[in-house]
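The block underneath contains the structure these notes are about, expressed in structure tokens.
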2 protein chains.
Amino acid sequence: MQRQQNLTKNQKIVLDIIEKSTEPLKAYSILSNVKKKGINAPPQVYRALDKLVDMGKIHKIESKNAFVACQSSNCKVSKAAAFSICESCEEVTEIDNSKISKYLSSFADKIGMKYKKYNLEFFGLCKKCK
Amino acid sequence: MQRQQNLTKNQKIVLDIIEKSTEPLKAYSILSNVKKKGINAPPQVYRALDKLVDMGKIHKIESKNAFVACQSSNCKVSKAAAFSICESCEEVTEIDNSKISKYLSSFADKIGMKYKKYNLEFFGLCKKCK
DNA sequence: TCTATAATGTTATATTATTACATAGTGTTA
DNA sequence: TAACACTATGTAATAATATAACATTATAGA
């Protein structure tokens with residue numbers, strides 16, 4: 001069974017490039033960037049991405065089919081993530097907001113759901129673009 | 001300029017099938033269901049879907065690449081949407097929650113963003129599957 | 001070492017979405 | 001009505017995203 005800190009070779013390569021990026025990366029963009037490191041085909045990238053998401057090391061921005069490194073240590077536990085996305089400059093920022101988490105888990109209780117995780121994507125114009 | 005209530009032929013066909021469905025529908029599933037009505041190719045479906053989303057008549061469940069009819073009259077204005085998704089039975093339910101909206105718009109103020117819309121997907125086990 | 005399991009590599013293919021361009025309808029106004 | 005801009009439609013081709021299937025190799029325990 002794989003542990004948090006024991007990333008495999010491909011997982012390390014993929015995580016590394018995502019962490020170095022200032023913007024969300026798409027799977028095929030990752031692929032083209034890691035060809036020189038011996039990763040040749042989509043499944044190798046997608047497998048690494050899946051595991052990294054499971055571990056909470058990265059998040060998928062669903063509305064963009066792109067991946068960002070987790071910027072919040074909380075995610076390792078909750079796998080919950082919230083992002084603000086600027087519709088002008090495309091900047092994506094992770095919102096580390098325990099209030100949202102708390103609110104949603106109490107909301108889950110109220111409607112009788114068992115809380116697992118959530119994904120929140122919040123669109124608008126950032127400070128700079130406003 | 002197109003108005004809320006004046007849907008075009010293709011938009012009506014697509015909206016109709018989404019409204020009649022009890023689960024989120026994918027674009028190509030919609031396509032195969034409307035071939036008998038004279039819609040033959042993906043762009044016809046995607047164009048209708050785009051417009052319907054813009055109008056707030058339907059929402060896209062990003063994590064599933066699928067579309068559901070809006071179940072809340074509020075969305076027409078805010079284009080904000082929240083869903084609970086059961087990971088066991090796949091049931092998707094729209095959460096009409098003004099608290100979340102209010103909270104997020106005040107949050108936007110706080111971080112200096114101009115609020116446009118949000119998409120929240122909330123995963124867990126529903127009452128029945130728990 | 002043996003064995004079970006996880007990870008990797010590879011080819012092919014499925015699924016989702018868009019581009020590009022031709023055609024037809026609709027409303028406005030000169 | 002004719003000319004026009006604009007929206008919607010139809011169609012073929014292709015781009016972008018993701019997975020299936022299977023062979024091989026590495027790794028960790030018993």
Side-chain angles (χ1 to χ4, degrees), chain A residues 1-18 21 23-55 57-68 85 87 90 92 119 121, chain B residues 1-18 21 23-55 57-68 85 87 90 92 119 121:
Chain A
M1 172 73 183
Q2 185 169 340
R3 306 258 177 50
Q4 281 275 4
Q5 305 308 334
N6 291 347
L7 299 183
T8 68
K9 177 177 142 269
N10 287 358
Q11 287 162 14
K12 273 182 209 145
I13 293 170
V14 169
L15 178 58
D16 187 59
I17 191 170
I18 293 174
S21 171
E23 56 181 15
L25 290 180
K26 289 169 167 262
Y28 275 73
S29 146
I30 293 168
L31 176 57
S32 72
N33 275 289
V34 296
K35 286 228 159 134
K36 63 194 93 150
K37 304 219 170 171
I39 293 183
N40 306 304
Q44 296 173 290
V45 172
Y46 281 102
R47 285 193 288 235
L49 290 171
D50 284 350
K51 290 287 169 68
L52 291 167
V53 167
D54 276 353
M55 293 177 207
K57 299 270 187 198
I58 64 173
H59 298 295
K60 182 173 187 181
I61 311 295
E62 295 284 358
S63 63
K64 292 182 174 296
N65 299 315
F67 300 84
V68 290
I85 302 172
E87 289 183 326
E90 302 277 303
V92 174
N119 181 67
E121 298 176 15
Chain B
M1 172 76 181
Q2 185 169 339
R3 306 256 177 52
Q4 280 274 4
Q5 304 308 335
N6 291 346
L7 299 182
T8 68
K9 177 177 142 270
N10 288 357
Q11 288 162 12
K12 273 182 209 148
I13 293 170
V14 169
L15 178 58
D16 187 58
I17 191 170
I18 293 174
S21 172
E23 55 182 17
L25 291 181
K26 289 168 166 264
Y28 275 72
S29 146
I30 292 168
L31 177 57
S32 71
N33 275 289
V34 297
K35 286 227 160 136
K36 62 194 93 150
K37 303 219 171 172
I39 293 183
N40 306 303
Q44 296 174 290
V45 171
Y46 281 103
R47 285 193 288 233
L49 289 171
D50 285 350
K51 289 287 169 67
L52 291 167
V53 167
D54 277 353
M55 293 178 209
K57 298 269 187 197
I58 64 174
H59 298 295
K60 181 173 188 181
I61 310 295
E62 296 283 358
S63 63
K64 292 182 174 296
N65 299 315
F67 299 84
V68 291
I85 302 172
E87 289 182 326
E90 302 277 304
V92 174
N119 180 68
E121 297 175 16

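All chains are named by letter (A, B, ...) in the order of the sequence lines, taking the proteins before the strands, and each is independently numbered beginning at 1.
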For B:Lys64 and B:Lys26, indicate whether the former's side chain and the latter's backbone hold a donor-acceptor pair under 3.5 Å. no
From the set C:dA17, D:dT19, C:dG9, return the single nucleotide nearest to any side-chain atom of B:Pro42. C:dA17
Determine whether B:Met55 and B:Leu7 make a side-chain contact, defined as any pair of heavy atoms from C-beta on separated by less than 4.5 Å. yes
Checking D:dG10, C:dA17, D:dA12 against the side chain of B:Pro43 (C-beta onward), the nearest is D:dA12
For atom CE of A:Met55 and atom P of C:dA6, their distance in whole Å: 13 Å
Name the closest nucleotide to the A:Lys51 side chain, picking from C:dT10, C:dA7, D:dA18. C:dA7
Rounded distance (Å) that lies between atom P of D:dA26 and atom CD of A:Gln11: 17 Å
Give the rounded distance in Å between these two atoms: NZ of A:Lys35 and C1' of C:dG9. 13 Å
Contact class for A:Lys60 vs. all strands (heavy atom < 4.0 Å): base, sugar-phosphate, or nothing? sugar-phosphate
In terms of the nearest nucleotide of DNA chain C, which residue is placed more toward the 5' end: B:Phe67 or B:Arg47? B:Phe67
Side-chain N or O of B:Gln44 versus OP1/OP2 of D:dG10: is the shortest distance under 4.0 Å? yes
A:Asn40 side chain, from C-beta outward: closest of D:dT11, D:dT17, C:dT10: C:dT10
Under a 3.5 Å distance rule, please check whether A:Glu121 uses its side chain to pair with a backbone N or O of A:Ser63 as donor and acceptor. yes
Has B:Tyr46 got its ring stacked on the base of C:dT18, with centres under 5.5 Å and planes less than 30° apart? no
Would you say B:Thr8 reaches D:dT7's phosphate, i.e. side-chain N/O to OP1/OP2 under 4.0 Å? no
Round to the nearest Å and state the distance from A:Lys37 atom NZ to C:dG9 atom P. 14 Å
Whole-Å distance separating the CG atom of B:Asn10 from the C1' atom of C:dG25: 13 Å
Check whether any side-chain N or O of A:Ser32 sits under 3.5 Å from a backbone N or O of A:Ser29 as a donor-acceptor pair, and report yes or no. yes
Among D:dT11, D:dG10, D:dT17, the one nearest any side-chain atom of A:Lys26 is D:dT17
Expressed in angstrom and rounded to an integer, what is the separation of B:Lys64 atom NZ from C:dT15 atom C1'? 15 Å
Is there a donor and acceptor pair closer than 3.5 Å between the side chain of B:Tyr28 and the base of C:dA14? no
If I take atom CG in residue B:Asp50 and atom P in nucleotide C:dT18, what distance separates them, rounded to the nearest angstrom? 7 Å
Look at B:Lys12 and D:dT9 and indicate whether a side-chain polar atom (N or O) is within less than 4.0 Å of OP1 or OP2. no
Is there a donor-acceptor contact under 3.5 Å from the side chain of B:Lys60 to the main chain of B:Asp50? no
Length of the line joining A:Asn65:CG and C:dT16:C1', which is rounded to integer Å: 9 Å
